[in-house]
Protein chains: 2
Amino acid sequence: MDVKTLCLGVLIRGEASGYEIKKQLEEGPLAQFCRAGFGSIYPALGQLKAKGLVTWSEHSQEGRPDKKIYRITDQGIAAFRKALRKEPSDDRVHSESLFMIFFQGFLDSGRAAEIVDAYRETYRQIATRMRVADLTEAPAGHRFVHAIGQSIYEAIVDAVERNRHLLSEDVDKKALATEK
Amino acid sequence: MDVKTLCLGVLIRGEASGYEIKKQLEEGPLAQFCRAGFGSIYPALGQLKAKGLVTWSEHSQEGRPDKKIYRITDQGIAAFRKALRKEPSDDRVHSESLFMIFFQGFLDSGRAAEIVDAYRETYRQIATRMRVADLTEAPAGHRFVHAIGQSIYEAIVDAVERNRHLLSEDVDKKALATEK
DNA sequence: GACAAGTTATATCAAATCGATATATATCAA
DNA sequence: TTGATATATATCGATTTGATATAACTTGTC
């Protein structure tokens with residue numbers, strides 16, 4: 001699942017500029033399990049253009065650089081369908097927070113608790129945002145993926161709360177120090 | 001959190017060869033949220049060697065290439081502690097399975113259900129494996145991270161079961177076709 | 001009203017990483 | 001015996017990351 005396929009996935013839902021593709025990958029419903037930066041999106045769009053999988057039109061804007069709106073072609077749709085026919089690779093998770101907590105013994109005193117609290121808060125916010133989303137109109141695939149994501153984020157918040165005591169020795173000392 | 005830091009993290013728990021580092025990153029307790037291939041591990045070890053953060057000794061073996069055992073140095077430990085002092089970046093999740101299910105409308109009939117069943121089974125196995133792990137001797141950080149991971153995997157299995165019906169139209173047709 | 005910070009928009013580039021492949025042998029199952 | 005899996009290192013092109021550059025508008029704050 002390279003960035004080219006990711007772009008096709010965004011464009012199949014509607015035309016967009018490179019900038020808008022990145023925004024959708026960050027804020028849209030795909031954000032939970034996809035990611036790409038400008039450094040890969042712009043070259044990807046260039047390659048898609050060269051292969052005829054997307055067309056584009058330039059819209060000049062005052063003050064800002066021209067906006068290039070990309071639109072998927074029939075060939076692009078076919079290529080996207082083909083990409084979806086491969087076997088999905090295993091999920092990849094990269095969590096620096098959990099890596100750091102794993103090595104708690106090498107962290108400064110109280111640092112693990114700090115990281116864990118920020119971690120909980122991040123996922124609490126995401127979970128809250130997802131809970132209020134309205135998907136009654138969305139297709140089954142969207143609803144399914146949303147439900148899985150929400151369950152995971154709620155499980156994280158819950159599990160952090162249930163297990164935080166494991167790291168709390170330091171924290172109590174720190175809390176005491178701050179109080180006095 | 002680059003591969004150099006990942007290698008130091010493995011080596012701080014005991015000496016290992018490049019091959020063994022990869023195995024630990026795949027099968028060990030770090031596997032849940034880390035990943036690296038040979039193409040990044042061997043160059044990383046080379047750089048760590050050059051910086052004096054690890055030492056190595058060659059052990060000749062019959063039939064197989066010489067095994068190079070790497071060991072972290074005091075400088076390496078210091079560098080690892082320093083790396084742990086940065087702010088952790090946001091978690092990154094990459095899931096081709098969920099991406100494909102999101103675009104269910106573009107998948108062949110019944111394919112989404114197939115993917116989802118394989119997905120459930122993968123995490124069911126991981127969750128089962130984690131449930132029987134004995135961590136009574138492990139440090140708090142290990143136990144915490146293990147608990148979070150287990151909760152996530154169990155939440156996935158559970159959520160897939162609760163939401164599978166959203167994708168089941170196709171499946172029922174397929175099941176019928178197979179039965180006859 | 002001035003200044004900082006954030007948003008919209010494209011693009012490049014070095015460094016890091018991925019994924020496949022090469023090389024060799026041993027072992028175990030079909 | 002054929003194929004698959006495991007041990008072990010290593011390289012290499014293609015892809016991706018993360019930082020940076022450029023430029024002007026918008027929004028909030030003192």
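Chain A is the first sequence line, chain B the second, and so forth, proteins listed ahead of strands; every chain is numbered from 1.
At whole-Å resolution of the value, CZ in B/R35 and P in D/dT16 are 14 Å apart. Taking atom CD of B/Q47 as the reference point, atom P of D/dT11 lies 13 Å away to the nearest angstrom. Across the protein-nucleic acid pair, B/I41 atom CD1 and D/dA8 atom C1' stand 13 Å apart, rounded to whole Å. Note: CZ (B/F38) to P (D/dG13) measures 20 Å, nearest angstrom. To the nearest angstrom, C1' of D/dG18 lies 16 Å from CE of B/M1. Per the geometry, CD belonging to A/E58 stands 14 Å off P belonging to C/dA9, to the nearest Å. The distance between atom CD of A/E27 and atom P of C/dG6, rounded to the nearest whole Å, is 15 Å. Put simply, CD on B/E87 is 16 Å from P on D/dG18, counting in whole angstrom units.
Judged by closest nucleotide on DNA chain D, B/P43 is the one of A/A36 and B/P43 placed further toward the 5' end. Between A/E20 and B/D2, the residue anchored closer to the 5' end of DNA chain C is A/E20, taking for each the nucleotide with the nearest heavy atom.
Geometrically, A/K22 engages A/F38 in a cation-pi contact defined by less than 6.0 Å to the ring centre and at most 45° from the axis.
Of the charged side-chain nitrogens involved, none lies within less than 4.0 Å of a carboxylate oxygen, so that B/R81 and A/D108 do not count as a salt-bridged pair.
Listed pair A/Y42 / C/dA11 fails the phosphate criterion, with no side-chain N or O lying under 4.0 Å from OP1 or OP2. Under 4.0 angstrom from either OP1 or OP2 of D/dT7 there lies no side-chain N or O belonging to B/K22. The phosphate of C/dT8 has OP1 or OP2 within less than 4.0 Å of a side-chain N or O from A/K23. Between A/R92 and C/dT17 there is no side-chain polar atom (N or O) within less than 4.0 angstrom of OP1 or OP2. Phosphate contact (OP1/OP2 of D/dT9, side-chain N/O of B/S17, threshold under 4.0 Å): present. Between D/dT17 and A/S40, a contact under 4.0 Å exists linking OP1 or OP2 to a side-chain N or O.
A donor-acceptor contact closer than 3.5 angstrom is absent between the side chains of B/E20 and B/Q24.
Using a 4.0 Å heavy-atom cutoff across all strands shown, A/G39 reaches at least one base atom of the nucleic acid.
A side-chain donor-acceptor contact under 3.5 Å links A/E96 to the backbone of B/S89.
For C/dC28, the paired nucleotide is D/dG3, the pair qualifying as Watson-Crick or G-U wobble because both relevant distances are below 3.5 Å.
The 12-atom threshold is exceeded at CZ of A/R162, counting heavy atoms of other residues, nucleotides or ligands nearer than 6.0 Å.
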